[in-house]
Amino acid sequence: MENPLDFLLIQPIYLPLLSILLNLVLLLTLFGLWVYKKMEACENSDGFMNKRSTKMYDKLVVMCCVSLSVFYSVLSLLSCVRWHSDVWTLFDLLLAALTWGTISMYLRGLHDQKLPYLLRVWWVFYFLLSCYRLVVDFKKQELVSVHSVVSELVGICAGLFLCCSCLWKKGEGERTNLLEEPLLSSAESSESEASDEVTTPFSKAGFLSLVSFSWMSPLVTLGNEKIIDSNDVPQVDSSDRAENLFRVFRSKLEWDDGERRITTFKLVKALFLSVWRDILLSFLFAFVYTMSCYVAPYLMDNFVQYLNGQRQYSKYQGYVLVTIFFVAKLVECQTRRHWYFRAGKAGVGMKAVLVSMIYEKGLTLPCHSKQGHTSGEIINLMAVDADRLDAFTWFMHDPWILVLQVSLALWILYKSLGLGSIVTFPAFILVMLANYPFAKLEDKFQSNLMKSKDNRMKKTSEVLLNMRILKLQGWEMKFLSKILDLRHVEAGWLKRFVYNSAAMSSVLWTSPFFISATAFGACILLKIPLESGKILAALATFGILQNPVYKLPETISMFVQVKVSLGRIASFLCLDDLQKDVVERVTTSGSSEMALKVSNGSFSWDDSSPIPTLRDVSFEVSHGMNVAVCGTVGSGKSSLLSSILGEVPKISGTVKVFGSKAYVAQSPWIQSGKVEDNILFGKPMEREWYQRVLEACSLNKDLELLPFHDQTVIGERGINLSGGQKQRIQIARALYQNADIYLFDDPFSAVDAHTGSHLFKEVILGILKDKTVVYVTHQVEFLPEADLILVMKEGKITQAGKYNEILDSGTDLMELVGAHTDALATVDTYEQGCATSESTRNKEKEAPKLEKDSGKPRGQLVQQEEREKGKVGFTVYKKYMALAYGGAVIPVILLVEILFQVLNIGSNYWITWVTPVSKDVEPPVSGFTLILVYVVLTIASSLCILVRTLLVSMTGFKIATELFTQMHLRVFRASMSFFDVTPMGRILNRASTDQSVVDLRLPGLFAYVAVAFINILGIMGVMIQVAWQVLVIFIPVVAASAWYRQYYISAARELARLAGISRSPLVHHFSETLSGVTTIRSFDQEPRFLGDIMKLSDRLSRLSFHSGGATEWLCFRLELLSTIAFALSLVIVVAAPEGTVNPSFAGLAITYALNLNSLQSNLVWALCELESKMISVERMLQYIDIPSEPSLVIESTRPEKSWPSRGEITINNLQVRYGPHLPMVLHGLTCTFPGGLKTGIVGRTGSGKSTLIQTLFRIVEPTAGEIRIDGIDILTIGLHDLRSRLSIIPQDPTMFEGTVRSNLDPLEEYTDDQIWEALDKCQLGDEVRKKELKLDSPVSENGQNWSVGQRQLVCLGRVLLKRSKVLVLDEATASVDTATDNLIQETLRQHFTDCTVITIAHRISSVIDSDMVLLLDQGLIKEHDSPARLLEDKSSSFSKLVAEYTTSSRNPNSAEAVT
């Protein structure tokens, strides 16, 4: 038969002439370009100079060209000396050496410019010519010289490499502009600002750059030159930024009847319309991809018949088929990559929209709506649910694609198998029905899994927020057990979920075998002859169909997860907003005298409560008035201010506010960030006004002590500031706003008497003298200065008027004034007693003077989040796998997968071998035997799949559980300094996002990598067995793929790490905003904060976008290489002499090879994705390795149960600092607190009082010195033994979500009678009895449904239950009125008579009756003696403090005169 190649192939003698012609054309063109450049350089020689390129890829290209020049020089020398080749061959080799040498010189001078199209085209021609010469040499049945074959093989490999380099040079030129442009255009801008101005090259990329993803080359190249930082990653296009997407989303979101009622469907619709272009493009690409996949199966029978010698159309049919296969594969490669890219881009956009929407909703939620959704739950919506929608876009087209693929598959099967294919449809339906119960269960399990995750995150968030009090009380392990219990519930649903997924996966993985066995069995029953070509067409169809079928479990799981997540988000968005009609805002005019007006107002935090929180409230405030609000604990003072702010739901009445307002909360809310940023709070800097505000708030001296002054970064919740400093910064923030109306909620309680008087004079009576001020206060001494006093009791204003007017008109104010007078009388008694007695003062040995700052730079408290660099280490993988049974299961999983692959290939080999190529050939076995063996092999394969999926699920679940437990144990055992410097968002990010990755993503990824790798090895084995020559193609392709992956992974890894780190600020900002939402709303700062979250979201979006782009950049190149390898393999098979290749086995090899490109790219993608996701493990392992506190219990030194029996505390040379890079706080304290006596610790704000107490509880470990309690060094015993024997009422009163009982007795150690007794003692018994559920009355998150004063009384109740020998009161009565303070002091005197009581207080009346007083000043002991002795000496600091207090308490205006 005439060979079809005869027409296409020229005689070998003409090949050198063709090569010589091409080389001459290139040389002449390069010479012309060189001359032109020289002339151009002479014209433009005005100092222009290019920087020499040092890029790795440039060097490789130049080295390749130089190597080829040397190679052809050696060949020409050997041809002349030894081989005696003809003159044309010799001239061809010499010219090739000259050409490659010239190209290398040209490239050396090219620098960073783009490659000329001529070189790109010529390299493609060179590659094709080398392939062509190799085919001609093998096709001509002549003796071919070895050096010719070697020359052509070297040419193919070099040509392939150089063709790939064509895609690079353009991108590198773009990178030069990308990195230099912002620096040239804005030299004054900072690096980060310049980075933000750079938009992704994707937005301006040309067609070829878009098609080949070359716009990503600059970033990938940069990743190989340096470790990528966030500033190196360009910003997404303006149309893809959160602000624009959110605006579109809001315009498309439909509300029901004008109310905020959003259904899941409407949410999905609005999301789709906000990113519709990307979704539509991904739809079109997915459709074209699906159609192109089935070209090869449709033509498979024709190909096998051609190999069998049947030429139905023409003698060139084989090459036509190869061309069709190649083009179809190219289209498949292109469309799949752009489908995934566009879908990922849509996911990033939708996530940004949802984060913004959830955040905006959080800003508008009233407190009564938030009680149903805690901060932890809302953060979970953003961190997990919104993130899930990002991942969902990869799966959103799968349902209709599956329908389309099944339809195409049935059509091809009908063409191949006739009526036998009819049974495949009911078989497929049966498989789907078999999965229906699993899908239903998956929905249920996923919903419960998310609910349990919410509960866990809610508790975790609350515990992390209050970790200090937990450690002070020794409760952290109890609360850890609660979180572990919640995780146990979550793990129960997770276990059900993963095992259900494993069962569903097993059914679907076995479905192709079941359907194929059914189809072949039907053909045998119907006497339809089976031919290998038709069998292979069916197998190819099943092979392509199996990918979406295998993916179906994950698709179903993802659809279920997204359905649950969208439902949760929609229900959250449906919550009622803050009522906008509570407050009527009136724009002020110059003539307006009114500032506030409340008429017949009734307000209630709880809609269901029969008694409103505030009722019958009416008052008017004129412009410039000072209004004081006073009353006992729980009387409604804070609620009154909240109602003016519009925070409390209104039942009736009107509230009018004339002008802008500023608010200072009772509990300070400080943002993480610089002191300056906290004060400016979004307003531009006005230096003169700023300095005036600092002076009024007495902040200048504090700022001088901070390491970076007002540029010092404040830790989370103001951790590196004292309570007084936080309050004064909060006041400064309000003052700087220069508002019309100021609302102060007891701001002076957190500062000492002198500072309080100074603030009152400089702020209320000074800087705000012309402003309207409403202030809640427990300090009766500030009342006489008020223009109007509102006395509150049980939610009503019982008295209103000036001080002297209402003093005698009722009993409520008289009670407060009487309690204040009694407190002052106590102080006066001590002062008078001291004046008449004679005694000598016994001063402490003077402490060493504070050394001056050495001038060394001191680091910020909060450092940037730790980020590993370089590749994820092998130890991370090793530790991960060792968490499950020491890694013993991993080899078993691999063996089972290898066995499955052998059985799978064996079953296909069997059916291919026993079916004849054509009808004329008799089959070697009967149909029954054929199908019996095939079914046995497929059943064995199915069992392997079941075992593998179960083992993977079991191992993944075990690892996730161990990782969670170990990380949380180490976090809870970490020292308090870890929580001081670590924003809560970082820990929550690991507990939510990273834990979800470990729970659900990593096991599947590990399994897929193993499956894909073993599958590829199987395919290569089959192809090599058919035609070993394909090794020549596979080796360079595999090498190139490995090199590409290595080149890509540096950038991809860092992008994934940066994306992980960028989530933490997002979570942290979210958490911080929710805790300070009242303050944000009071300043009308919602738009600015929404803008901030959008900027943080854009930062994450740009990293995710470019990470996805880098993945597609790699996969496109790998699939292109695989497609070329596939086409060349087909050429080898087609070009092989007839009879040398078995048509059936060749068809089987090609059937397997159809999936090779997708498998190879998917494997490399999975490896890269695995490394990216392993960063979650790496981040969790970081927290497993954090240092722990000293042991909780040391058995060898455990104190007796009666310890401490006396309560004597001895401090010797105590030195303390909060961190190695922070200044010393306590400087060598030496003193003794006698057992059974009451010691008061006083001093200015920031003098070290709270630090001393923290050291006593070993929250902060001493740098030097020792503390002994009853002779036992507290450093030698366990932390729980120490903390459980001490009691404390902390400065910040804390309550946990739960019940009254669980808050008083978290360890469940006391009876109800004992709890009631403690409640009565702390004046809360009657309040709790009023509640319907009594001790089981609910307490919301952070005790928000209790006033701050009531929370403080609950803390008192805890210590009354505990009855420790040593009691510490750290500003314990700061948030209560004087009358309640007196009651608390009386309670303490009654029940702690024989205890050592250490009191830190700003009210001198709280410490004046102490047995001893310790006065601290800047970390040094200034005075330590009995109050009587210290008051004798009128020059003592304590005497001055008492004088300041008594004077300011009687008349705050005269406080300054006393100093």
Side-chain angles (χ1 to χ4, degrees), residues 255 257-261 360-373 574-588 594-622 627 629 631 634-666 739-745 772 774-776 788 790-798 800 1074 1076-1086 1340 1344-1348:
W255 311 101
D257 303 324
E259 299 179 3
R260 288 191 80 100
R261 292 290 174 264
E360 187 198 45
K361 184 67 181 180
L363 285 173
T364 62
L365 276 183
C367 292
H368 70 279
S369 275
K370 269 186 69 179
Q371 285 177 12
H373 284 72
C574 286
L575 294 175
D576 294 329
D577 280 347
L578 195 69
Q579 291 180 19
K580 294 183 179 177
D581 60 347
V582 172
V583 177
E584 182 184 342
R585 298 191 181 188
V586 183
T587 306
T588 56
M594 189 64 65
L596 278 173
K597 184 177 181 181
V598 181
S599 304
N600 301 317
S602 291
F603 308 87
S604 180
W605 289 109
D606 186 1
D607 296 334
S608 60
S609 174
I611 304 173
T613 309
L614 298 174
R615 56 193 184 277
D616 305 326
V617 176
S618 296
F619 64 92
E620 291 183 3
V621 178
S622 299
V627 180
V629 183
S635 59
K637 303 183 297 297
S638 297
S639 295
L640 181 66
L641 291 192
S642 296
S643 65
I644 296 171
L645 292 171
E647 293 290 325
V648 190
K650 183 173 69 176
I651 299 172
S652 62
T654 59
V655 180
K656 291 184 179 181
V657 176
F658 299 79
S660 60
K661 60 193 184 307
Y663 170 66
V664 177
Q666 187 172 11
D740 299 315
I741 301 168
Y742 284 83
L743 306 175
F744 291 89
D745 192 355
T772 304
V774 180
Y775 57 94
V776 170
L788 174 66
L790 302 177
V791 182
M792 303 284 300
K793 186 171 184 179
E794 296 180 352
K796 298 177 72 175
I797 298 177
T798 56
L1074 291 172
V1077 69
T1078 303
T1079 300
I1080 293 167
R1081 285 198 288 246
S1082 68
F1083 287 96
D1084 299 320
Q1085 291 278 335
E1086 298 98 317
S1340 66
Q1344 288 175 346
N1345 56 342
W1346 292 66
S1347 74
V1348 177

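Computed from heavy atoms alone, side chains included, the values below leave out hydrogens, waters and symmetry copies.
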What's the shortest heavy-atom distance between Y663 and D745, and which atoms?
OH-OD2, 4.0 Å

Please name all residues satisfying side chain to side chain contact (heavy atoms under 4.5 Å, CB included) with S643, sequence neighbours left out, ordered by chain then number.
F603, L614, L640, V648

Checking side-chain contact (heavy atoms from CB on, under 4.5 Å) for the pair L641/V774: CA distance, chi angles, key distance, verdict?
CA-CA 8 Å; L641 291 192; V774 180; 3.7 Å; yes

Taking T1079's backbone N and O only, do any of them form a donor-acceptor pair with S1082's side chain (distance below 3.5 Å, no angle check)?
yes

What's the separation between atom OG in S599 and atom CD in E620, rounded to the nearest 0.5 Å?
6.5 Å

Min side-chain heavy-atom separation V598-S618 under 4.5 Å:
no

Non-hydrogen atoms of K597 and F658 that approach each other most closely:
CB-CE1, 4.5 Å

Within-4.5 Å side-chain heavy-atom neighbours: E584 and V657:
no

D740 side chain reached by T772 side chain, heavy atoms, under 4.5 Å:
no

Between E1086 and R1081, is there a salt bridge with N-O shorter than 4.0 Å?
no

Atom CG in L645, atom CZ in F1083: separation rounded to 0.5 Å?
9.5 Å

Just do the side-chain contact (heavy atoms from CB on, under 4.5 Å) check on V583 and I644 with the steps written out, would you?
CA-CA 7 Å; V583 177; I644 296 171; over 6 Å; no

Derivation of the side-chain contact (heavy atoms from CB on, under 4.5 Å) call for N600 and T654:
CA-CA 7 Å; N600 301 317; T654 59; over 6 Å; no

Can a salt bridge be assigned to the pair D1084 and K661 using a cut-off of 4.0 Å between side-chain N and carboxylate O?
yes

Check whether any side-chain N or O of K650 sits under 3.5 Å from a backbone N or O of G653 as a donor-acceptor pair, and report yes or no.
yes

Quick one: closest heavy-atom pair of A800 and L790, and the distance?
CB-CD2, 3.7 Å

Identify the two heavy atoms, one from A739 and one from S660, that lie closest to each other, and give their separation to 0.1 Å.
CA-OG, 3.5 Å

Where V1077 and G362 come nearest, the two heavy atoms and their spacing
CG2-O, 3.8 Å

Atom OG in S622, atom CG in L788: separation rounded to 0.5 Å?
9.5 Å

For I797 versus V617, what's the shortest heavy-atom pair and its separation?
CD1-CG1, 3.7 Å

Could you walk me through whether R615 and K796 pass the side-chain contact (heavy atoms from CB on, under 4.5 Å) check?
CA-CA 6 Å; R615 56 193 184 277; K796 298 177 72 175; 3.6 Å; yes

Spatial distance of atom OG1 (T798) from atom NZ (K793) [nearest 0.5 Å]
7.5 Å

